[in-house]
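Lettering follows sequence order; numbering is per chain, from 1.
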2 protein chains.
Amino acid sequence: MSERDAPGTREKLLMAAFEEIHLHGFQGLRIDRLLEKTGLTKGAFYHHFKSKKALGYAVVDEVIARMIHDLWLEPLQQSADPIDTIGTALSRKTDILGEDFVVLGCPLNNLAQEMSPVDEGFRQKLQTIFEGWVREIGAALAEGQKQGIIRSDIDPAEAALFVVASFEGAFSLAKNAQSVRALEIGERQLLRYLETLRP
Amino acid sequence: MSERDAPGTREKLLMAAFEEIHLHGFQGLRIDRLLEKTGLTKGAFYHHFKSKKALGYAVVDEVIARMIHDLWLEPLQQSADPIDTIGTALSRKTDILGEDFVVLGCPLNNLAQEMSPVDEGFRQKLQTIFEGWVREIGAALAEGQKQGIIRSDIDPAEAALFVVASFEGAFSLAKNAQSVRALEIGERQLLRYLETLRP
DNA sequence: ATACAAACAGACTAGTTGGTCTGTTTAAAG
DNA sequence: CTTTAAACAGACCAACTAGTCTGTTTGTAT
């Protein structure tokens with residue numbers, strides 16, 4: 001148990017920063033509060049991160065990107081039926097994340113809404129994540145078309161974007177209403193839409 | 001042409017504040033920049049508004065609420081076919097508002113995402129607007145059911161929430177992508193969903 | 001004309017916050 | 001055991017910004 005643990009300290013700052021950003025947004029993130037929360041000091045922080053913005057970028061690259069990957073992209077990889085996979089991915093959200101998490105909004109979309117007009121670097125990083133997300137769903141739908149379990153007259157890329165858009169929209173409404181209800185309704189109606197993609 | 005025009009000055013501040021909030025968010029709104037933009041001074045501002053927050057509340061109540069009303073609620077009132085009305089309302093957005101407006105995001109959703117976790121007063125005001133919006137679409141769909149032009153086995157309230165959620169979600173993606181494309185795709189797929197509500 | 005209150009003008013203040021800078025401690029190599 | 005650089009500690013700084021406060025101007029009622 002060494003007192004000095006560079007990778008551990010960095011990770012602690014990253015995770016605490018993710019929580020604080022989820023709670024207050026990036027601009028609402030206070031370095032002092034972060035240090036109080038982690039029990040660290042300015043010296044430690046600025047040793048690991050060049051600036052507050054650099055911390056934000058790291059949260060996007062290392063925390064949020066991985067989260068989307070684990071919850072959405074990974075399950076879609078080995079999937080027989082994309083519609084089923086999306087359906088279970090959707091319904092699992094509320095269970096895994098919990099109501100307290102949900103009413104804070106989607107971390108990806110929160111940051112995108114807040115920072116994309118303010119900082120081009122944030123925007124590009126977040127856009128990359130969105131694009132990858134849509135691309136993978138689109139690919140899964142296209143694969144479904146090949147297998148004949150999805151109608152051939154729909155555009156997989158457009159349908160994929162709609163899935164992400166609807167999900168994020170319902171998440172937004174849930175956040176503002178401070179209730180998971182909107183997200184649940186959104187999921188139900190989104191599944192209804194997805195079923196219309198079957199032959 | 002009087003120099004002193006209280007209602008005019010207030011209106012000028014309101015509209016400029018709306019633009020600045022649309023550009024930078026409420027927390028990114030700078031009073032000094034607002035005054036520079038309007039050619040007014042601190043004295044004028046704090047004569048008309050008790051605080052920055054009071055200005056924000058006024059923008060929500062008087063600018064954003066009216067905007068939703070004019071673009072969504074009004075058209076739905078005298079409407080024979082709600083699905084058609086929603087469809088034209090959707091497609092008109094890009095035309096009326098223009099690309100420059102669209103890539104800044106939906107003013108309502110922007111503010112909701114930013115402020116609902118930060119300030120309960122904002123959250124409640126914005127929630128009231130969202131609820132009214134969903135309620136009116138739901139009422140139009142229910143009326144459509146009565147007339148037999150919409151399936152009776154769907155829940156109008158849930159479908160209405162999904163319409164708003166999808167629209168806002170697509171708007172969000174468009175904002176982050178800095179392109180109207182996502183919004184157009186979202187509209188197209190949303191219309192596809194809406195058509196499945198017909199008998 | 002005069003009084004008076006509303007409508008401003010603008011210098012100044014106080015609190016906040018990201019970032020810096022000097023100095024100290026730990027770990028690991030030689 | 002020394003040495004050296006990474007890993008901290010924490011006081012301090014400088015910039016920014018909402019809000020205040022005193023004073024001035026304008027419209028208007030009497």
Side-chain angles (χ1 to χ4, degrees), chain A residues 1-60 62 111 114-115 117-122, chain B residues 1-60 62 111 114-115 117-122:
Chain A
M1 293 287 272
S2 54
E3 293 287 341
R4 299 260 164 120
D5 174 23
T9 301
R10 197 188 126 90
E11 192 71 12
K12 215 197 301 190
L13 283 168
L14 261 187
M15 296 315 293
F18 171 78
E19 286 177 22
E20 287 294 300
I21 290 172
H22 200 199
L23 279 167
H24 308 109
F26 176 74
Q27 299 182 90
L29 162 67
R30 303 293 165 221
I31 303 296
D32 288 335
R33 193 163 45 198
L34 189 71
L35 298 176
E36 194 180 2
K37 187 172 184 169
T38 54
L40 297 168
T41 61
K42 281 278 170 74
F45 178 80
Y46 282 96
H47 176 72
H48 287 284
F49 298 97
K50 161 173 162 285
S51 64
K52 180 185 173 185
K53 190 198 279 188
L55 171 67
Y57 284 3
V59 167
V60 173
E62 301 175 39
L111 255 185
E114 178 191 0
M115 296 308 294
V118 174
D119 183 271
E120 177 66 13
F122 267 108
Chain B
M1 291 286 270
S2 53
E3 292 286 342
R4 300 261 164 122
D5 174 24
T9 301
R10 197 187 126 90
E11 191 72 11
K12 215 194 308 188
L13 283 167
L14 262 187
M15 296 316 293
F18 171 77
E19 286 177 23
E20 286 295 300
I21 290 172
H22 200 199
L23 279 167
H24 308 109
F26 176 74
Q27 299 182 91
L29 162 66
R30 304 293 167 220
I31 303 296
D32 288 335
R33 194 163 44 198
L34 189 71
L35 298 177
E36 194 180 2
K37 187 172 183 168
T38 55
L40 298 168
T41 61
K42 281 277 169 76
F45 177 81
Y46 282 97
H47 176 73
H48 287 284
F49 299 97
K50 161 173 161 284
S51 65
K52 181 184 172 183
K53 191 199 278 187
L55 171 68
Y57 285 2
V59 167
V60 173
E62 301 175 39
L111 214 45
E114 178 189 0
M115 295 308 294
V118 173
D119 183 273
E120 178 66 12
F122 267 109

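- Between the CG atom of B:Leu35 and the P atom of C:dA9 there is a distance of 10 Å, given to the nearest Å.
- Partner of B:Val118 under the side chain to side chain contact (heavy atoms under 4.5 Å, CB included) criterion, chosen from B:Glu114, B:Met115, B:Glu120: B:Met115.
- As a whole-Å value, the separation of A:Lys52 NZ from D:dA15 P is 19 Å.
- The cationic group of B:Lys53 does not satisfy the cation-pi geometry with B:Phe122, failing either the under 6.0 Å distance to the six-membered ring centre or the 45° limit from the ring axis.
- OP1 and OP2 of C:dG18 both lie 4.0 Å or more from every side-chain N or O belonging to A:Ser51.
- Nearest to the side chain of B:Tyr46, among D:dG10, D:dT20, D:dT17, sits D:dT20.
- Rounded to an integer number of Å, the gap from CG of B:Leu34 to P of D:dT17 is 13 Å.
- Picking from C:dA9, C:dA7, D:dA9 the nucleotide with the shortest atom distance to the side chain of B:Leu40 gives C:dA9.
- Interatomic distance, A:Glu19 CD to A:Leu29 CG, rounded to the nearest 0.5 Å: 12.0 Å.
- Side-chain proximity of A:Thr41 to the nucleotides C:dC8, D:dA18, D:dG10 is greatest for D:dG10.
- Between A:Arg10 atom CZ and D:dC8 atom P there is a gap of 12 Å when expressed in whole angstrom units.
- In this structure a side-chain-to-backbone donor-acceptor pair under 3.5 Å is missing from A:Lys42 to A:Leu35.
- Between B:Arg30 and D:dA18 there is a side-chain polar atom (N or O) within less than 4.0 angstrom of OP1 or OP2.
- Listed pair A:Lys42 / D:dG10 fails the phosphate criterion, with no side-chain N or O lying under 4.0 Å from OP1 or OP2.
- Rounded to whole Å, atom C1' of C:dT20 lies 14 Å from atom CD1 of A:Ile31.
- Separating the CZ atom of A:Phe45 from the C1' atom of C:dT20 is a distance of 13 Å, rounded to the nearest angstrom.
- Separating the CG atom of B:Leu55 from the C1' atom of D:dT17 is a distance of 15 Å, rounded to the nearest angstrom.
- For the pair A:His48 NE2 and D:dA9 C1', the interatomic distance rounds to 13 Å; values are reported in whole Å.
- Judged purely by atom type and a 3.5 angstrom limit, A:Lys12 has no side-chain atom pairing as donor or acceptor with the backbone of A:Gly39.
- Nearest-nucleotide assignment on DNA chain C puts the 5′-proximal partner with A:Asp32, out of A:Gly43 and A:Asp32.
- Contact annotation for A:Leu29: backbone-only contact, meaning every heavy-atom pair under 4.0 Å involves sugar-phosphate atoms and none involves a base.
- Of all nucleotides listed (D:dA7, D:dG19, C:dA9), D:dA7 comes nearest to the side chain of A:His47.
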